[in-house]
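Take a look at this one; I'll ask things after.
Here is how names work: the chains are called A, B, and so on, in the same order as the sequence lines, proteins then strands, and each is numbered from 1. These numbers come from a predicted model, not from an experiment.
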Protein chains: 2
Amino acid sequence: MARPSQREQILVEASRLFSKKGYHATTIREIAQNRGILSGSLYAHISSKEDLLFEIVDDGADAFLSAIASVSQSDRPPIDKLRMALCAHIQVIAERMDAATVFFHEWEALSEERRRLIQAKRDKYEAHWNAILEEGMADGSMSMADPKFVRLMLLSVANWLYHWYRPSGPLAPEEIADRFIQILVNGIENPGKERDLRA
Amino acid sequence: MARPSQREQILVEASRLFSKKGYHATTIREIAQNRGILSGSLYAHISSKEDLLFEIVDDGADAFLSAIASVSQSDRPPIDKLRMALCAHIQVIAERMDAATVFFHEWEALSEERRRLIQAKRDKYEAHWNAILEEGMADGSMSMADPKFVRLMLLSVANWLYHWYRPSGPLAPEEIADRFIQILVNGIENPGKERDLRA
DNA sequence: CCTACCGATCGGTAGG
DNA sequence: CCTACCGATCGGTAGG
């Protein structure tokens, strides 16, 4: 990787500020100042503040999509795919916390046309998860009354990471994924104790 | 309930706009206009825009806390408490979607002092969940390697609701809670198929 | 990338 | 609750 261009560095700085303060609360003067230039000079590299937001959010959507695409294409058993998909999702967030925060927090600030574009990528992403769960039901390795809620549960847990994950924390992304999968796969009820006897 | 005061109606309108457009993107002129008055007249009812945000967020925190407090105090079995706590959480969000969205999305826009106040209430809320899980482990009805992650999973799922729940949707809060609890309690692995044989 | 600036709009106030 | 307004700041541009 060559040294990052000024444009790339502007994007990194915008991600940082948008994630910390929010899109609307961040001024282009702050972004410019932190890059050592004046606000007017920003416009030699970008054409509008919203373009900056769109590029961050769209890059994020692509990162999630390409991570799960490679998992979907593997020929591992479905429960392994589930673990790999969750791990990949967590890694995307872990490696770009700022962009992930902007992705979940600020994508609705985009114009309607661009919002639709991002929504389409989100739909595509969810479809990958659905496919993994359906495969698991088809081969008998998974059993669930409501796959839609399992997917919702998985993505809720995976997405919520942007609220609490810290790269300096004690657990690597793989370990976090393992713990969630273990809970989800086995459940929390103690098999030694019959539920029906307690009611 | 008597007719709501102008102040209460301003809070409702502010919740609606803050949740839809974000705190910083909402102007006090919009709030005033939607209440049929001019922006300057707002200040007869509130003292600042941030006060409006704080009141919404703080009311939300109190709603979550009082909902789980009544569950904690009941003498039902821990798994029932889990279901009740999740149901109560979902109901708080369902009954005040706008405030819940502002609570999760905009609380970081508060001043540091007020942010600390809200954080303290969030910590207290999490402690209630921990207590329920610990009770379940103590009486043997639940079994988990990592209670911290079970709590994280529960709260991730519960909190993510503000992204997708719609009061007009097909499922009542209780039904949503039931489906999540069923997945979490029983797990998704098909007991008829041994995991170790597939590796 | 800077100088110099624009029209618009922001949260908020004084005085009634 | 209105009239009338404030200082500050916003995103963005023209011309170099």
Can you build the contact string for nucleotides 9-16 of chain D? Use B for base contact, S for sugar-phosphate-only contact, and - for no protein heavy atom under 4.0 Å. -BBBB---

Is Arg179(A) salt-bridged to Asp146(B), cutoff N-O under 4.0 Å? yes

Here the salt bridge (Lys or Arg N to Asp or Glu O under 4.0 Å) pairs for residues 31-53 of chain A, sequence neighbours left out, are Glu50(A)-Arg114(A), Asp51(A)-Arg114(A)

Is the distance between the ring centroids of Phe104(A) and Trp160(B) less than 6.0 Å? yes

Starting at CZ of Arg35(B) and ending at P of dC2(D), how long is that distance when rounded to a whole Å? 12 Å

Tell me whether Arg96(B) is salt-bridged to Asp59(B), with the criterion being a basic N under 4.0 Å from an acidic carboxylate O. no

If we count only N and O atoms by modelled type, under 3.5 Å, do the side chains of Asp123(B) and Gln119(B) hold a donor and an acceptor together? yes

Checking His24(A) now: which residues fulfil side chain to side chain donor-acceptor pair (under 3.5 Å) with it, not counting sequence neighbours? none

Let's test your reading of the pairing rules: Watson-Crick or G-U wobble, both distances under 3.5 Å, then write DNA chain D as a dot-bracket string with ( ), [ ], | and dots. ||||||||||||||||

Ile37(B) has an atom CD1; how far is it from atom C1' of dC1(D), in whole Å? 7 Å

Just to verify, what does Glu174(A) make a side chain to side chain donor-acceptor pair (under 3.5 Å) with, not counting sequence neighbours? Gln91(A)

Compile the donor-acceptor pairs under 3.5 Å between side chains in residues 147-158 of chain A and protein atoms, sequence neighbours left out, one pair per line.
residue, atom, partner, partner atom, Å
Arg151(A), NH1, Asn130(A), OD1, 3.4
Arg151(A), NH2, Glu126(A), OE1, 3.3
Ser156(A), OG, Leu152(A), O, 2.6

Round to the nearest Å and state the distance from Gln33(B) atom CD to dC1(D) atom C1'. 16 Å

